[in-house]
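A short worksheet on the structure shown next.
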Amino acid sequence: MTSLTTRINTAVQAGRKAIIPFLTAGFPTKNDFFTHLEELDSNGADIIEIGVPFSDPAADGPVVEAASLKALEQGVTLQWIVEELTKRKGQYQAELVLMGYINPFYQYGFEKFAKDAADAGVSGLIVPDLPLDESGEFKKILKQHGIALISLIGLNTPKKRMQEYADNAEGYVYVVSYMGTTGAAVAFPPELKKTLTEAREVFNIPLALGFGIKEPKQLEPFGDAIDAVVFGSALITDIEEKGTAVPFMERWK
Amino acid sequence: MTSLTTRINTAVQAGRKAIIPFLTAGFPTKNDFFTHLEELDSNGADIIEIGVPFSDPAADGPVVEAASLKALEQGVTLQWIVEELTKRKGQYQAELVLMGYINPFYQYGFEKFAKDAADAGVSGLIVPDLPLDESGEFKKILKQHGIALISLIGLNTPKKRMQEYADNAEGYVYVVSYMGTTGAAVAFPPELKKTLTEAREVFNIPLALGFGIKEPKQLEPFGDAIDAVVFGSALITDIEEKGTAVPFMERWK
Amino acid sequence: MSKGYFGEFGGQFVAELLIPPLKELEDALENIVPSEAFQKEFSDYLKNYVGRESPLTHCPTLSTDLGFNLYLKREDLNHTGSHKINNVLGQALLAKHMGKKALLTETGAGMNGVATATAARALDMDCIVFMGAVDVERQSHNVRRMKLLGATVVPVEAGSKTLKDAINEALRFWIKKQATHHYCFGTAAGPHPFPTLVREFQSVVGKEARKQIIERTGALPHSVIACVGGGSNAIGIFSGFVDDCSVNLIGVEAAGTGEEGCTNSAPLCLGTAGILHGQKTMLLQDADGQIMPSHSIAGGLDYPGVGPEHAHLHHCGRAEYVKVNDMQTLHAFKALTRAEGIMPALESSHAVAYVLENKDKFPKGCNVIVNLSGRGDKDMDIVEQYTELFD
Amino acid sequence: MSKGYFGEFGGQFVAELLIPPLKELEDALENIVPSEAFQKEFSDYLKNYVGRESPLTHCPTLSTDLGFNLYLKREDLNHTGSHKINNVLGQALLAKHMGKKALLTETGAGMNGVATATAARALDMDCIVFMGAVDVERQSHNVRRMKLLGATVVPVEAGSKTLKDAINEALRFWIKKQATHHYCFGTAAGPHPFPTLVREFQSVVGKEARKQIIERTGALPHSVIACVGGGSNAIGIFSGFVDDCSVNLIGVEAAGTGEEGCTNSAPLCLGTAGILHGQKTMLLQDADGQIMPSHSIAGGLDYPGVGPEHAHLHHCGRAEYVKVNDMQTLHAFKALTRAEGIMPALESSHAVAYVLENKDKFPKGCNVIVNLSGRGDKDMDIVEQYTELFD
Ligand SMILES: Cc1ncc(COP(=O)(O)O)c(C=O)c1O
Ligand SMILES: Cc1ncc(COP(=O)(O)O)c(C=O)c1O
């Protein structure tokens with residue numbers, strides 16, 4: 001059982017959902033990013049997803065895309081992220097997960113990345129454009145370095161395919177709440193319940209719900225069907241408005 | 001022998017070329033046209049060619065075309081020309097020839113036109129877009145009313161074709177001095193001499209040279225090869241400048 | 001007097017100075033054109049350069065609406081985008097055989113100019129194009145194409161500064177340059193032998209269409225419909241069916257804005273017999289025989305005359321001539337674009353419009369061919385002025 | 001891992017949410033496309049709607065200059081003016097068979113957008129086109145054509161506001177609308193099965209060209225040359241000759257302004273391997289794997305990636321990839337226009353330019369085919385900015 005799984009289980013056992021904020025690395029500036037990371041860490045984050053910016057984030061909505069481009073303009077690279085996290089290793093209570101498109105990892109070198117990321121204290125990776133069929137090699141390397149490759153599933157993922165993911169799934173399962181990109185949903189579609197039920201049957205690791213989440217009451221209908229919640233666009237928007245991550249994190253206490 | 005032939009022969013016998021000015025009917029205004037016609041008549045014209053304005057004068061250069069369009073704007077029609085000439089019948093010493101494109105005559109009606117034109121004192125007709133092959137019917141009708149249809153020939157008219165024209169030629173032969181439209185030539189091409197020689201062999205009526213003629217000295221090289229001279233564009237330009245046809249006519253005395 | 005005549009129409013009403021080059025051309029039409037060598041060369045060009053044969057496209061959506069089968073003869077797919085290239089390539093090739101070094105032509109909408117400039121390049125000849133100054137202004141797109149193709153475009157400032165004046169100027173220029181230049185007349189009009197020559201080169205349209213419709217439907221069509229400017233695309237397709245008495249031939253003229261007495265381009269429907277540009281034909285003219293200005297939203301139809309063979313087919317009743325106005329044309333442009341993904345030239349849209357506006361005249365289930373003489377890219381600027389049509 | 005791969009390139013690097021529609025499409029490619037019914041319907045459309053086969057035109061003037069025979073495969077004569085229609089009609093037809101109601105696509109220069117909007121009308125489907133805001137601006141002519149065809153054009157304001165961003169946006173939209181919409185990918189790139197599907201529909205170009213050159217010359221050509229943007233016209237013609245080992249296949253990329261380090265569109269010549277838009281391929285990217293902006297005077301080549309099969313043909317050496325810059329392209333545009341009366345698209349002009357600039361690489365008297373992927377009308381505004389070229 002990876003540290004990510006453990007962390008979520010602990011929260012669930014404490015009668016709450018694990019809290020997983022997402023923040024683009026180097027957003028809004030290289031310095032402020034670490035301030036906000038700190039705020040997230042000391043205000044209830046169980047796991048923090050750090051976005052690795054990419055020029056062509058085809059699975060993201062406008063908020064994350066804009067944050068990503070802004071970070072790139074400021075010279076944020078995967079190497080910078082790994083180096084800065086290495087410097088700060090051990091400072092964070094939350095588990096750290098990197099989330100980014102495959103190409104920057106590919107250019108970094110899968111082997112080198114896995115080693116450096118493990119050294120930096122990263123325990124998981126989410127790659128939205130690396131579906132099951134393409135993930136074999138990278139996943140194996142990551143596993144060798146103790147990094148979990150998180151599976152993403154959506155409303156159109158058949159149970160049979162969930163099973164294929166489940167065979168090798170680690171950490172937690174990222175359930176995409178609707179058919180779309182990050183940050184968009186106003187209401188979750190009715191099929192979501194079925195997806196969560198099936199996922200619960202298939203996977204023996206926790207389920208995290210993400211995409212379009214702004215506030216706790218959105219989760220009420222799901223009860224125990226989910227174990228963790230991921231929020232990104234709404235958080236970024238709030239940080240942009242208020243200059244701090246604290247108020248947004250307060251909502252989830 | 002038509003009156004046109006007689007008139008030219010008389011001039012030649014007097015040791016000079018017959019003078020044939022061309023003026024567009026109704027140019028520059030309906031009234032002034034008759035003033036200028038008078039000037040031409042009393043200043044040495046043997047024959048006067050009166051242009052019947054047409055919207056699409058495809059054998060004319062810019063000066064005659066502009067005069068033609070100006071006349072049309074002032075409401076000059078073939079009917080008006082015939083009527084006005086009828087009113088003035090007998091006032092002119094010179095023989096009168098109408099020169100115009102075929103369509104206005106066609107619309108007027110060949111038969112009616114021939115009758116009315118004869119009544120108006122017109123003794124000849126020049127139709128630049130009515131070559132031999134198309135002229136049969138109209139020519140016959142004109143002849144019945146004593147009007148000569150003048151033949152036009154050019155530098156590219158083969159001797160054989162001149163002969164075809166000659167079989168029915170009346171009045172005079174209009175020899176076009178160069179390959180082009182009215183008013184353009186600066187120098188006559190060398191082939192002109194040959195054309196004139198051939199024409200003299202073929203035709204037994206006088207030869208008039210036209211197109212691009214401004215002043216008597218242009219004719220010097222031709223000696224007896226021509227019997228008459230036609231000028232139009234240069235005359236019109238002079239009238240436009242000076243408001244009278246007299247000075248231009250003076251040149252030819 | 002019957003040489004070069006279609007019934008009472010046609011002839012050779014030109015300056016004597018143009019008789020020799022016309023005779024030279026008559027000779028070429030008689031002796032060079034029918035030769036096997038010329039025909040082979042011409043059909044090679046049509047196949048390998050122009051892209052013939054052009055398809056016959058069935059319009060599924062419109063046919064369902066209409067209750068009968070609408071087929072389009074796709075001259076829009078020819079190199080340079082209209083039927084004009086068939087004629088100019090034929091003439092250019094002939095000119096080359098005749099030893100001419102250059103082509104001269106006139107153009108209204110510019111399609112004939114572009115086609116001629118193109119044929120000149122294909123056959124390595126010079127090219128000069130006369131174009132009314134008003135047309136130069138409103139068809140700037142095609143002027144630019146001609147210039148890119150290396151042609152000299154001469155704006156004609158005389159008269160109404162449109163096609164008829166460009167023809168006048170081209171005739172004038174031809175007088176001067178007849179030794180070196182072939183006048184590549186752009187439509188099946190003008191003095192003999194042009195109407196015959198142009199029909200000859202455009203007859204491939206009718207031959208193909210006849211073969212294609214029989215292959216596709218097993219029978220001759222009920223009707224064949226084409227727009228008529230000078231009449232070359234129409235005579236081209238009609239010629240394939242003129243001997244098939246059962247086939248209705250319908251020529252569609254441009255009614256202009258369409259109200260009583262408006263300026264139009266419909267000499268067969270609204271004109272009288274007269275003589276212009278070397279031919280006796282039907283003309284828009286006043287009682288004194290002065291040619292009237294014409295108008296159509298389709299530049300290529302904007303001519304106050306029409307080829308003499310159409311005047312004859314009209315007179316003897318073998319073909320019917322009708323008219324369609326600017327707004328009907330725009331609606332047809334939109335209807336065909338939206339229904340089938342085919343943007344017709346505004347000229348061709350006239351023919352389409354006649355079918356759409358008169359569907360009751362065609363029996364249910366019959367087959368109708370419209371000659372789609374050109375593509376509509378060139379007309380986008382005009383069409384877009386009618387934004388209310390496209391929302 | 002080899003499904004959807006060409007050697008080491010290709011794959012299906014997309015969000016999990018796009019796996020189901022891609023699998024659906026794989027099924028359709030396997031089961032519907034090869035069926036006799038589909039093939040018949042598709043080739044009927046190609047023949048009767050698109051106007052295939054397209055001719056193979058010999059260029060007499062340029063061939064004399066070059067010392068060998070230059071032939072052009074005339075995709076410019078297709079309905080809508082480029083090879084794009086072959087692919088989109090195939091995909092639209094397939095989408096219809098799959099029960100989809102609408103097409104979505106991306107476009108750079110607008111040619112794929114126009115073609116897709118057209119196919120949508122031909123098959124009575126809805127159409128939405130994503131286009132970078134910069135491209136909307138500079139290709140307004142094609143935007144207008146799409147709108148006339150009833151398509152919805154969505155300007156994309158993200159990123160560099162060009163083709164790659166339009167693809168991102170189209171992928172995003174497809175996630176949402178996969179139930180009703182088929183993503184009609186415009187070139188032989190993107191996630192499996194698009195590279196295979198697009199090659200399948202473009203292979204008609206190569207099949208025809210092979211048959212035609214053998215008919216005309218009795219032999220296979222020395223070389224086959226095509227411009228490479230995403231790579232669909234190139235893969236279409238290459239596919240006809242890839243098994244003929246003696247035939248040189250040459251893909252021409254866009255070098256942009258051409259000086260060392262300039263922004264270009266030549267990922268095979270100047271890029272490195274990477275992953276973008278669902279595929280592992282050659283890309284223009286920095287050391288961190290960020291995609292770099294691309295540039296070419298030819299909008300349709302302006303893409304920082306390339307279809308994976310080209311990356312493979314490059315890697316294994318079966319095809320050679322070269323590059324040509326903007327000025328060489330303009331000169332070739334002019335040369336072909338003036339020599340043969342054929343105005344090539346600036347994309348296609350790249351392929352022509354390679355031949356003109358490298359004539360010593362071709363043996364005297366040999367036969368060379370250039371794929372003339374599109375017509376140049378759309379590029380007149382650009383070309384005319386270089387007035388010094390055209391006097
Ligand atoms: C597309 C198209 N159709 C028709 C015409 C009319 O000419 P015609 O009547 O000679 O076919 C033109 C003339 O430019 C044209 O461009
Ligand atoms: C005429 C033309 N050629 C080539 C291309 C490049 O695309 P591909 O490389 O897919 O053939 C385009 C793209 O728009 C095009 O319009």
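Every chain is numbered from 1 and lettered A, B, ... according to where its sequence line falls, protein lines coming before strand lines.
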message = For B:K30, is the NZ atom crowded, meaning more than 12 foreign heavy atoms sit under 6.0 Å from it?
response =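 Yes, the 6.0 Å shell around NZ holds more than 12 heavy atoms from other groups.
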Can you tell me which portion of [X] sits under 4.5 Å from chain C's heavy atoms? Options are side chain, backbone, both or neither.
X      : result
B:P62  : neither
B:F54  : both
B:L155 : neither
B:L130 : both
B:F105 : neither

message = Quick one about C:T105 and C:N112 (side-chain donor to acceptor, distance below 3.5 Å, no hydrogens or angles considered), yes or no?
response =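 Their side chains do contain a donor-acceptor pair, which is all the 3.5 Å distance test asks for.
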request  = Output the residues of residues 18-25 of chain C for which the shortest heavy-atom distance to chain B is under 4.5 Å, in residue-number order; output 'none' if no such residue exists.
outcome  =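 The list, in residue order, reads C:I19, C:P20, C:P21, C:K23.
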message = Using a 4.5 Å heavy-atom cutoff, which residues in residues 160-181 of chain C come close to chain B?
response =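 Within residues 160-181 of chain C, the residues that come under 4.5 Å of chain B (heavy atoms only) are C:K164, C:D165, C:N168, C:L171, C:R172, C:I175, C:K176, C:Q178.
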request  = May I ask you to list the residues in residues 202-209 of chain B that approach chain C closer than 4.5 angstrom, counting heavy atoms only, ordered by number?
outcome  =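 Checking residues 202-209 of chain B against chain C gives no residue, so none.
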key: Interface residue of largest heavy-atom contact number with chain C, from B:P158, B:S55, B:A59, under 4.5 Å   =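 So the answer, after comparing B:P158, B:S55, B:A59, is B:S55.
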ask   = So which of B:P104, B:G154, B:A66, B:G61 has the largest heavy-atom pair count under 4.5 angstrom toward chain C?
value =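 Of B:P104, B:G154, B:A66, B:G61, B:P104 has the most heavy-atom pairs under 4.5 Å with chain C.
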query = With sequence neighbours left out, what residues match B:E49 under salt bridge (Lys or Arg N to Asp or Glu O under 4.0 Å)?
reply =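 Residues passing salt bridge (Lys or Arg N to Asp or Glu O under 4.0 Å) with B:E49: none at all.
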query = Parallel, tilted or perpendicular: which describes the rings of B:F33 and B:W80, with under 30° parallel and over 60° perpendicular?
reply =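 Taking B:W80 first and then B:F33, their aromatic rings sit tilted (interplane angle of 30° to 60°).
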